[in-house]
Amino acid sequence: MANANISFDDKQNVFHLSNRQISYLIQIEEGGLLSHLYFGKKITKYHGSRHYPRLDRGFSPNLAGKPHQTDRSYSKDTLLQEYGGYNTGDFRQAAIKIQGANGAQTSDFRFQSFEIVNGKPHIAHLPQAYVLSEDEAKTLIIYLVDSALNVQVSLYYTIYNDRPVVARSTKITNLSQQSINIEKIASLQLDLPASDLEIISLPGAHVRERQMERQTVRQGVAEFSSHRGTSSHHMNPFVALVTPNTTENEGEAVGIQLVYSGNHQFTIERDYVEQTRVLSGINEDGFDWQLNADDDFQTPEALLVYSDEGLNGMSQAYHHLLRERVARGKYQYAERPIVINNWEATYFDFNAEKIQEILDEASPLGIEMFVLDDGWFGKRDDDDSSLGDWFEYATKLQSGGGLVGLSDKVHEKGMKFGLWFEPEMISKNSDLYRQHPDYILGMPNRDLTPSRDQYVLDFSRPEVVDNIFQQVVNILDNVKIDYIKWDMNRHLTEVYSAALSPERQGEVGHRYMLGVYDLADRLTKRYPDILFEGCSGGGGRFDAGMLYFFPQSWTSDNTDPVERLKIQYGTTLSYPVSSMTAHVSASPNHQTGRQTSLAMRGDVATAGVFGYELNLAKLSLEEKSEIKDQVTFYKQHRSLIQYGNFYRIKSPFKNNETAWEFISEDKTEALLFNYRVLSTAQPVFTVTKMSHLKSDGIYVDQRTNEHYSGDELMSIGLYNTPIKQADFTSAVRYFKWQAE
């Protein structure tokens, strides 16, 4: 293991963070400004080549304070910085905005001191990357101070031994005797010198999440953000900066991923001398945090990754980091069970007999878990009642012995039992609302905006979180549950808390998210044997913050395999396959109306954490036999799919074809998936080239017994056969390596 190193050259005033893969360089510049020098491929030693040039730029102000105030060649306006203040000479987007007790919105942070510590300091109340031992990483903490405000900013940089990752966050401490207001505080600022750059983001919508979009970074300001109270279906909290020639396997990429599930903001600004500034953190829109004397505020963490091996290299760094040092608990590495969920089979219209029919069909097929979805609680027969009433609907499953009886029947079948919750929501038609109407998130004397006939609980209030915690505990302590699907089916509006004073209403959105994290933390610790799956109308809160508590999330409510190609491909840009659930559903698909073969649906869903979402009783004997084969295949390859190395080969955003592969860590096993969307009358014979195989030895196709060398598969490739004259086709090849 190559140890991470953090050094400080007191002659050049340069910090150098490095491991065997990357280097990060910071300089204390004149006047105590903190200058960004470099982030990229490892260098052995720095000799001063990036010291920022001096040039008088018209209308760029001088640095305040003697003796620098007369030097027109040195200005905050152009200097590449680590963390810029506001309204004191840097006219680019600011990392931090503070309103002082006198109402002024100015800040000027200068270097104060630093310390280097082993390991990685824990961030209280927030999800984060972690270490298992102190010798796994080192952390640099740089302290900046605004002497006029008497406010300190602490910048945290953690570098791991063997990962091309720098974990960054910011803490602000009010050392004064007066309150201040934080109006914006970024987790990370990254200033880059002039170069041609493109940015990749993951925009989308409900049932069309994480669609890869690539655009040129141009002069001006671009923002990638969510204002919806969640990380959202619409813009994932991740971006990548790449060079124009960067591909899946070649070129440079810098990824920035925020470990946060609420409103986020990524700001990309290209200034008038072609330099690029990137800011990442909590969205400043609607955010206003009152920081009292001697208090501090900690930002969410941002995970910065560098790759010189293209997007797949960046993705591999994220896959391993999120799987190994963000996800936690019993199911971090455990093989995830194959699920059958009743939602698309029954929706709200179920009883004990209908559920028994599903169980009787599922068990002989080898399916390992039954999940009872929405409709088991309160008096819930449709979506306009009972959210917030987490007690059993007494009559719905009565003939089968209720939830306890159902759990027993599921376990008697040799299957595990899962249950759906939506703990953050409330219906006006509920006992909880009638008892506590003030628990709702909303403004007095203003009509509330409904969405799906439901409203949001005020999780910024600890007593509300405590209420839901106790209700859920009452269920889990009395029914044997192996799995929980945690849903969240609307966005936040009227973000106002009856429990906070007027001057603190700008804190509600972030405090809400802290409440969600508190509930998730308490439940997962109390029930370590339960597998928790995140969900928010599908992929509306698919982020590293939720992964810290829940090792997997429902990728999208859209189960159409053609649409899923793009959704799953985009998701893997920054998230591991072990976090991405994927189910086979009915055809025609309930979201698109498209008809696809069971084979195509299975081949797409088996490239994730696999399951089913359909009425098995309506299938033919032939279809049930095919499902049994799919289940057998997945069990044989589950470990490779969930925990192997995943590489994208052909993009559905560019081609009629999609291809990806799973490679075992020792490179002795490989699964190659090929998909084609539309057929043509004169089909083109295309070739797929695999990657990251052993060059020596032989790979044997386990179905055909054909032999290939690794370099043959990588350099020459394979024709995508057989050619089927039909739309929506797929093929899977499994290779095992053997020595020649």
Side-chain angles (χ1 to χ4, degrees), residues 125 127 261 328-331 369-380 385-398 401-411 416-427 430-436 438-441 454-489 499 511-536 541 545-546 548-554:
H125 311 302
S261 313
R328 305 173 299 162
K330 175 180 178 178
Y331 294 95
M369 178 183 287
F370 169 74
V371 177
L372 183 64
D373 212 282
D374 194 355
W376 60 267
F377 55 92
K379 295 181 180 178
R380 179 86 160 173
S385 76
S386 301
L387 289 170
D389 292 347
W390 298 108
F391 51 84
E392 185 177 349
Y393 191 159
T395 59
K396 203 159 194 179
L397 296 168
Q398 188 175 31
L403 283 179
V404 171
L406 176 57
S407 176
D408 290 344
K409 288 181 174 62
V410 172
H411 289 108
K416 296 180 182 296
F417 179 48
L419 202 58
W420 180 95
F421 285 87
E422 194 172 0
E424 300 159 64
M425 298 294 130
I426 186 170
S427 305
S430 68
D431 290 351
L432 183 63
Y433 182 78
R434 286 184 282 271
Q435 294 163 8
H436 298 284
D438 60 311
Y439 276 13
I440 206 164
L441 200 65
Q454 64 188 57
Y455 301 85
V456 184
L457 285 166
D458 183 1
F459 265 35
S460 73
R461 298 173 61 174
E463 66 271 27
V464 177
V465 176
D466 289 345
N467 180 292
I468 299 301
F469 173 76
Q470 193 55 56
Q471 287 196 61
V472 175
V473 163
N474 290 342
I475 293 290
L476 301 185
D477 280 356
N478 291 287
V479 184
K480 181 172 172 47
I481 303 292
D482 304 292
Y483 160 103
I484 286 176
K485 181 178 178 180
W486 179 314
D487 216 337
M488 196 271 192
N489 281 314
R511 288 188 182 276
Y512 173 89
M513 206 61 247
L514 294 177
V516 173
Y517 290 150
D518 176 48
L519 181 61
D521 191 51
R522 291 158 67 182
L523 288 173
T524 53
K525 285 178 177 175
R526 184 179 176 109
Y527 304 101
D529 293 331
I530 292 179
L531 170 60
F532 283 78
E533 175 173 308
C535 182
S536 180
R541 206 162 57 186
M546 298 313 294
Y548 183 72
F549 303 100
F550 309 150
Q552 63 189 50
S553 283
W554 182 224

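From a predicted model like this one, the values you see are computed outputs, not experimental measurements.
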Peer 1: Measuring from atom CD of E424 to atom CG of N489, what distance do you get when rounded to the nearest 0.5 angstrom?
Peer 2: 10.0 Å
Peer 1: With Q471 as reference, evaluate I475, V473, N467 under the side chain to side chain contact (heavy atoms under 4.5 Å, CB included) test and give the passing residue.
Peer 2: N467
Peer 1: Between CZ of F391 and CG of N474, what distance do you get to the nearest 0.5 Å?
Peer 2: 11.5 Å
Peer 1: Which pair of non-hydrogen atoms, one from D389 and one from D431, has the smallest distance, and what is that distance?
Peer 2: OD2-N, 2.8 Å
Peer 1: How many angstroms lie between CD in E533 and CE in M546, if you round to the nearest 0.5 Å?
Peer 2: 11.5 Å
Peer 1: Starting at CD1 of I481, measure out to CZ of F417 and round the result to the nearest 0.5 Å.
Peer 2: 4.5 Å
Peer 1: Looking at every non-hydrogen atom in both residues, tell me the closest pair between R541 and S536 and how far apart they are.
Peer 2: N-CB, 3.5 Å
Peer 1: For the residue pair Q552 and Y331, confirm or rule out a side-chain donor-acceptor distance under 3.5 Å.
Peer 2: no
Peer 1: Would a distance-only check, ignoring hydrogens and angles, find a side-chain to backbone donor-acceptor pair under 3.5 Å from R380 to S385?
Peer 2: yes
Peer 1: Please give me the minimum heavy-atom distance between Y393 and G375, naming the atom from each residue.
Peer 2: CD1-O, 3.9 Å
Peer 1: Should I484 and L523 be marked as a side chain to side chain contact (heavy atoms under 4.5 Å, CB included) after you check the CA-CA gap, both sets of side-chain angles, and the distance that decides it?
Peer 2: CA-CA 10 Å; I484 286 176; L523 288 173; 6.0 Å; no
Peer 1: Kindly write out the residues that satisfy salt bridge (charged side-chain N to carboxylate O under 4.0 Å, His left out) with D408, not counting sequence neighbours, or none if the list is empty.
Peer 2: none
Peer 1: Is the gap between the ring centers of F421 and W376 under 6.0 Å?
Peer 2: yes
Peer 1: Any carboxylate oxygen within less than 4.0 angstrom of a Lys/Arg side-chain nitrogen, looking at K416 and D529?
Peer 2: no
Peer 1: Using a 3.5 Å distance criterion without hydrogens, assess whether the side chain of K409 forms a donor-acceptor pair with backbone atoms of G401.
Peer 2: no
Peer 1: With rounding to the nearest 0.5 Å, note down the distance linking CG in L519 to CG in D466.
Peer 2: 9.0 Å
Peer 1: Any idea which heavy atoms bring K480 and S407 closest together, and the distance?
Peer 2: O-OG, 2.8 Å
Peer 1: Distance check, rounded to the nearest 0.5 Å: F370 atom CZ versus H411 atom NE2?
Peer 2: 12.0 Å
